[in-house]
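Note that ligands are numbered from 1 as they come in the structure, with each ligand's atoms numbered from 1 the same way.
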Amino acid sequence: MNKKRILTGDRPTGRLHLGHLVGSLQNRVRLQDEYEQFVMIADVQALTDNFAEPQKVRENIAEVALDYLAVGIDPNETTIFIQSLIPEIAELTVYYLNLVTLERVLRNPTVKDEIKQKGYGKNIPAGFAMYPVSQAADITFCKANLVPVGEDQVPMIEQTREIVRKFNSLYGEVLVEPEARIGEVKRLPGIDGGAKMSKSLGNCIYLSDPAEEVTKKVMGMYTDPKRIHSNDPGTVEGNPVFVYQDVFNPNIEEVEDFKKRYREGRVGDVEVKKRLAEVINKLLEPMRQRRAKYENNLGEVDEILKKGTKRAKEVAEETMSEVRKAMKIDYFV
Ligand code: TRP
C-alpha cells in the first residue's frame, strides 16, 4: 500500500533553532517512517523578502540541510530537496493565482503580521504578498496529506485547502487537501521572554550552538523580573526558564521540585538555569556530532540534495501532467 505523504520545509535564511525543533523538526523525525516525507529548502520563498541578498540565501541552503541531517532526518527515508529546482512549483503557482483574490491573500494573518513587522507600508513586494499561493503549490505538487509545521503556518495550510477545493471543483479531483500537524509545544518563547523564538528577534538558541554558547544564553535568560533575591518567592507561570524546563527536562519530578522551591523562594535562578543548560546540551550533543560528521563531508550533503531533488522532480512531473490534463492545457501529448 502506498504511504501517505508529508511535505514541509523551511526558508534558508539562517540556521534552525529550538523553536523549529519542537514546532516541526521532531515531528518530521517521528513521522518519516510512517509517511513518505518530502522536506523542502524553500529558497524561492526566502527570496520573496531577501531578493536583494541572494548570497545569504545561497549560503544557508547547506546550513539548513546540515540542521536537517543533524536532528535525525534520514535521507534514506526522507526526500530533501531545493524548491527552485522544481519549476513545476512555479508553474502551479501561476495557475493557483487565478483561484484566489488579492483581498484574500492580504487577509492571511501570518502575511499580515510579517508585512507589519517588515514595515513595508504601501510598498509590499507582490511576490512576497503572494507567497502563500506559492506555498500551496509547494504542498500540493506532491499531493501531501500532512504538513508538520509551527503554529504560525496554520493559515497557510488553511489557504492551501481553499485553493485545492476551488481547483478540484472547477477542474476535477486532482489535488489533495492537506492537514497541518502542530508540534507538542505550540510556541516556544525566546530567551528574552518574547512570545516567540525568532531569528529576526535575535532571541534564539540554535541547534548548532556550541555547548558553552548554550550555557551562556541560558544563564542570561529572561526570568521573573520581580525577583531580586533568591529567597524572594518567584513566579513560575509564563516564566520562560520554566517553560523550557517543562519542554526540555525529561525529569518531571525534578521540574516539579524546582517549581515548588521557586515559588517558596527556596531555589535561585542560577541553580534552575544551570540544570536547564545541562538538559538542553544533552539533547543537542548528538545533533552536534552528526552535524560535525556531515560538515566534514559536504560532498555527501550535495549528493543527498541532488538525489532528493531528482525524486521530487519526478513526483512534480506526474502531478503537473494531471493538472495540465484537468485544465485542458495538455497540448500535443
Ligand atoms: N513558510 C514556511 C516558514 O516560513 C516555510 C515553507 C515554505 C513551508 N513552503 C512550505 C512550510 C510548505 C510548510 C510547507 O517556515
Side-chain angles (χ1 to χ4, degrees), residues 5-25 27-28 31-32 35-50 56-57 60-61 63-65 67-68 73 78-86 88-90 92-93 96 105 108-115 117-118 127-161 163-164 175-183 186-188 196-201 204 207 308-309 312 315-316 319:
R5 283 181 178 162
I6 283 178
L7 179 121
T8 185
D10 301 275
R11 298 181 192 177
T13 52
R15 293 173 295 149
L16 303 180
H17 52 63
L18 288 178
H20 293 115
L21 183 70
V22 296
S24 169
L25 296 170
N27 271 337
R28 301 180 198 179
L31 297 169
Q32 63 185 340
Y35 286 77
E36 182 181 4
Q37 178 163 261
F38 295 82
V39 174
M40 183 183 77
I41 305 182
D43 60 341
V44 176
Q45 189 175 111
L47 286 166
T48 62
D49 60 332
N50 292 279
K56 173 174 121 184
V57 173
N60 279 303
I61 300 246
E63 294 296 341
V64 170
D67 282 330
Y68 288 163
I73 292 178
T78 295
T79 299
I80 307 175
F81 69 98
I82 300 177
Q83 185 183 20
S84 63
L85 293 177
I86 312 297
E88 287 80 2
I89 293 177
L92 286 172
T93 303
Y96 293 175
V105 268
N108 181 307
T110 301
V111 175
K112 249 170 126 172
D113 280 355
E114 286 173 319
I115 287 171
Q117 200 191 320
K118 290 172 200 295
F128 182 79
M130 297 306 132
Y131 90 73
V133 181
S134 160
Q135 190 156 333
D138 302 338
I139 295 168
T140 52
F141 91 84
C142 63
K143 302 189 180 179
N145 306 90
L146 197 68
V147 189
V149 277
E151 198 188 26
D152 62 314
Q153 294 295 304
V154 172
M156 304 300 164
I157 318 303
E158 197 38 58
Q159 194 150 16
T160 302
R161 294 166 63 91
I163 291 172
V164 168
L175 303 177
V176 171
E177 253 186 79
E179 255 171 62
R181 173 74 58 93
I182 312 301
K186 288 219 166 62
R187 189 165 290 199
L188 191 72
K196 185 183 164 190
M197 186 174 279
S198 151
K199 185 178 51 254
S200 48
L201 301 174
C204 301
L207 303 177
T309 300
V315 172
T319 302

Atoms of ligand 1 under 4.0 Å from any heavy atom of A42, numbered from 1 in the order shown, are 7 (C)

Give the residue and atom name of whichever protein heavy atom lies nearest to atom 2 (C) of ligand 1, and the separation in Å to one decimal. Q153 OE1, 3.3 Å

Donor-acceptor pair between T13 and K199 side chains, under 3.5 angstrom: yes

Out of all atoms in ligand 1, which are within 4.0 Å of some heavy atom of Q45? Include the element for each. 1 (N), 2 (C), 4 (O), 5 (C), 6 (C), 7 (C), 9 (N)

What part of M40, side chain, backbone, both or neither, has a heavy atom within less than 4.0 angstrom of ligand 1? side chain

Would you check, one step at a time, whether the test ring-ring contact (aromatic ring centres under 6.0 Å, His included) holds for F141 with Y96? CA-CA 12 Å; F141 91 84; Y96 293 175; over 10 Å; no

May I ask you to list the atoms of ligand 1 that are less than 4.0 angstrom from any heavy atom of L7? 12 (C), 14 (C)

Residue and atom name of the nearest protein heavy atom (relative to atom 9 (N) of ligand 1), distance in Å to one decimal: D138 OD2, 2.7 Å

Among all protein non-hydrogen atoms, which one is nearest to atom 4 (O) of ligand 1, and what is the separation to 0.1 Å? R11 NE, 3.3 Å

Return the residue, atom name and 0.1 Å-rounded distance of the protein heavy atom closest to atom 8 (C) of ligand 1. Q135 NE2, 3.4 Å

Does N145 reach the main-chain N or O of P178 with its side chain, forming a donor-acceptor pair under 3.5 Å? no

Please determine if T8 has a nitrogen or oxygen closer than 3.5 Å to a nitrogen or oxygen of ligand 1. no

Side chains of Y131 and D49: any donor to acceptor distance under 3.5 Å? no

Near V147 (heavy-atom distance under 4.0 Å), the atoms of ligand 1 are 13 (C), 14 (C)

In terms of side-chain heavy atoms, does Q45 have a donor or acceptor partner in Q83 at a distance below 3.5 Å? no

Please determine if Y131 has a nitrogen or oxygen closer than 3.5 Å to a nitrogen or oxygen of ligand 1. no

Could E151 and K186 be called an ion pair, given the rule that one side-chain N must be under 4.0 Å from one carboxylate O? no

So, Q153 versus Q135: side-chain donor-acceptor pair below 3.5 Å or not? yes

State whether the number of non-hydrogen atoms from other residues, nucleotides or ligands found under 6.0 Å of E158 atom CD is greater than 12. yes

Any Q83 heavy atom less than 4.0 Å from ligand 1: no

